[in-house]
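Heads up: numbering here begins at 1 and tracks the sequence.
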Amino acid sequence: MNLILLGAPGAGKGTQAKRIMEKYNIPQISTGDILRNEVQEKSELGLKVKNILDRGELVPDNIILEIIRKRLNQPDCQKGFILDGFPRTIPQAEGLEKILSEKDRKHLRIIEIYVPEETIVRRLSSRRICANCGKDYNLMLNPPPPDGRCPVCGGKIIQREDDQEKTIRKRLKVFREQTEPLIEYYKDKGIFYRVDGQQDVQEVFKEIENIISKVEE
Ligand code: ADP
Ligand code: ADP
Ligand code: ZN
């Protein structure tokens with residue numbers, strides 16, 4: 001099963017991808033997580049992309065496609081994968097098609113998680129993450145402990161640089177202009193599903209499970 005989770009920043013892609021990964025035992029591939037990891041490690045790639053991430057702009061397609069090509073070649077992806085935050089542009093979607101073999105493409109399914117923009121601004125303004133392990137906290141949904149330390153790993157819980165309101169608005173604009181066209185692109189191919197991302201995490205997951213069970217038949 002090869003899934004793409006599509007949706008605006010803050011729609012809940014990462015939250016749902018983790019649940020899908022646990023239940024179906026296929027890896028979550030988050031280009032955002034991979035890039036933030038490179039930034040934290042101050043690798044050559046990390047130094048190159050840090051400012052782009054901080055501004056809420058998109059990293060060039062060729063860099064992203066190289067990351068994905070390498071990742072999808074890993075043994076753990078052979079049974080399937082969940083793409084979270086990729087593709088984000090039409091050229092990325094076209095690049096993905098080249099990377100995947102015919103056999104894999106047969107099972108490619110796209111699920112859009114839809115959430116209106118004002119809800120997104122509220123969610124992302126209250127998102128916090130562990131600087132060390134990346135675990136998600138949210139002032140509204142699952143607040144971090146008072147000492148500001150991650151219960152999982154002891155890391156410091158921080159606000160992402162790009163989760164400031166001004167940058168959130170910028171990311172939403174980038175989404176509308178560069179990523180939203182993917183919806184029509186995939187609808188034309190008849191492999192597209194949409195879920196209402198404003199429901200509780202558990203309700204959204206139930207809808208996704210239903211879609212997956214249909215796909216697997
Ligand atoms: P969110 O989950 O809030 O949508 P991500 O973690 O997916 O954010 O992405 C954070 C940032 O990483 C993006 O704003 C962008 O700069 C960069 N990025 C992540 N995935 C891609 C991609 N597929 N193409 C280009 N840039 C990306
Ligand atoms: P994305 O990966 O699409 O950027 P996340 O999964 O990181 O989105 O979710 C963004 C923020 O909203 C997180 O802090 C998360 O805890 C919260 N969140 C996710 N799903 C829901 C939901 N269904 N209802 C309320 N808050 C949610
Ligand atoms: Zn942690």
Side-chain angles (χ1 to χ4, degrees), residues 1-18 20-21 26-39 43-46 48-74 76-78 80-115 120 124 134 160 162 167-168 170-195 197 208 215:
M1 175 174 66
N2 303 335
L3 272 186
I4 294 175
L5 293 184
L6 195 61
K13 302 181 295 296
T15 302
Q16 296 299 329
K18 293 210 169 56
I20 301 168
M21 175 172 73
I26 49 174
Q28 167 199 19
I29 301 172
S30 159
T31 40
D33 285 348
I34 294 170
L35 292 167
R36 273 188 295 281
N37 203 31
E38 296 286 337
V39 170
S43 69
E44 199 182 323
L45 172 63
K48 199 145 95 187
V49 301
K50 181 179 188 309
N51 287 330
I52 301 178
L53 263 70
D54 287 351
R55 285 198 301 269
E57 290 165 7
L58 293 185
V59 172
D61 291 333
N62 60 330
I63 295 182
I64 297 289
L65 282 166
E66 185 54 23
I67 291 174
I68 288 290
R69 196 185 56 77
K70 273 197 203 133
R71 185 65 187 88
L72 291 183
N73 276 328
Q74 300 290 312
D76 65 329
C77 292
Q78 301 321 307
F81 49 78
I82 312 153
L83 293 170
D84 159 13
F86 171 91
R88 259 174 153 96
T89 65
I90 303 260
Q92 287 182 17
E94 291 168 348
L96 174 64
E97 278 185 28
K98 270 201 211 115
I99 292 168
L100 295 175
S101 70
E102 288 294 324
K103 174 170 68 72
D104 286 331
R105 230 192 306 171
K106 201 171 61 190
H107 302 289
L108 191 60
R109 289 290 181 280
I110 291 79
I111 301 179
E112 184 205 2
I113 306 178
Y114 176 74
V115 176
I120 282 176
L124 288 188
R160 265 169 57 173
D162 59 349
T167 318
I168 295 170
K170 171 72 182 289
R171 285 156 65 206
L172 286 170
K173 183 165 178 281
V174 169
F175 174 77
R176 279 195 303 270
E177 291 173 355
Q178 301 195 55
T179 308
E180 230 167 35
L182 282 177
I183 295 173
E184 292 307 315
Y185 176 91
Y186 282 123
K187 267 186 184 164
D188 284 348
K189 295 180 187 277
I191 45 178
F192 182 87
Y193 304 83
R194 183 186 231 201
V195 303
I208 292 176
V215 171

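The shortest heavy-atom contact between Pro27 and Gly80 is CD-O, 3.4 Å. Closest heavy-atom contact between Ile113 and Gly197: CG2-CA, 3.6 Å. The nearest pair of heavy atoms linking Gln28 to Met21 is N-SD, 3.6 Å. Scanning both residues, Gly14 and Asp84, for their nearest heavy atoms gives CA-OD2, 3.3 Å.
In this structure, CD1 on Ile111 lies 10.0 Å from CZ on Arg109, to the nearest 0.5 angstrom. Between Arg160 atom CZ and Ile168 atom CD1 the span is 9.5 Å, to the nearest 0.5 Å. With values rounded to the nearest 0.5 angstrom, Lys98 atom NZ is found 11.0 Å from Leu96 atom CG. Rounding to the nearest 0.5 Å gives a distance of 4.0 Å between CG of Asp76 and CZ of Arg71. Taken from CG in Leu172 to NZ in Lys170, the straight-line distance is 12.0 Å, to the nearest 0.5 Å.
Shown here are the side-chain hydrogen bond (donor to acceptor under 3.5 Å, both in side chains) partners of Glu66, two or more places apart in sequence or in another chain: Arg69. The side-chain contact (heavy atoms from CB on, under 4.5 Å) check on Leu65 picks up Phe86, Ile99, with sequence neighbours excluded. Legend: residues meeting salt bridge (Lys or Arg N to Asp or Glu O under 4.0 Å) with Glu38, ordered by chain and number and at least two apart, are absent. Lys50 meets the side-chain hydrogen bond (donor to acceptor under 3.5 Å, both in side chains) test with Asp54; sequence neighbours excluded. In this structure Asn62 satisfies the side-chain hydrogen bond (donor to acceptor under 3.5 Å, both in side chains) test with no other residue, sequence neighbours excluded. For Asp61, the side-chain hydrogen bond (donor to acceptor under 3.5 Å, both in side chains) partners two or more places apart in sequence, or in a different chain, are Thr89, Gln92.
Judged purely by atom type and a 3.5 angstrom limit, Lys13 uses its side chain to pair as donor or acceptor with the backbone of Gly7. Of the possible donor and acceptor atoms, none in the side chain of Arg171 sits under 3.5 Å from a partner among the backbone N and O of Pro9. Between the side chain of Gln78 and the backbone N or O of Gln74, at least one donor-acceptor pair lies under 3.5 Å.
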Trace of the side-chain contact (heavy atoms from CB on, under 4.5 Å) decision for Leu58 with Ile64: CA-CA 10 Å; Leu58 293 185; Ile64 297 289; over 6 Å; no

Stepwise side-chain contact (heavy atoms from CB on, under 4.5 Å) check, Ile110 with Lys189: CA-CA 10 Å; Ile110 291 79; Lys189 295 180 187 277; over 6 Å; no

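Contact of the Leu35 side chain with the Val39 side chain is not registered, since no non-hydrogen atoms from C-beta on lie closer than 4.5 Å. In this structure the side chain of Ile191 never reaches within 4.5 angstrom of the side chain of Ile4, judged on heavy atoms. Between Leu45 and Ile67, the closest side-chain pair of non-hydrogen atoms falls below 4.5 Å.
Among Asn2, Leu5, Ile29, the single residue meeting the side chain to side chain contact (heavy atoms under 4.5 Å, CB included) criterion with Ile82 is Leu5.
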Residues 173-187, side-chain donor-acceptor partners within the protein, below 3.5 Å, at least two apart:
| unit_1 | atom_1 | unit_2 | atom_2 | d |
| --- | --- | --- | --- | --- |
| Lys173 | NZ | Glu177 | OE2 | 3.3 |
| Arg176 | NH1 | Glu117 | OE1 | 3.0 |
| Arg176 | NH1 | Glu117 | OE2 | 2.5 |
| Thr179 | OG1 | Arg88 | O | 2.7 |
| Tyr185 | OH | Glu97 | OE2 | 2.9 |

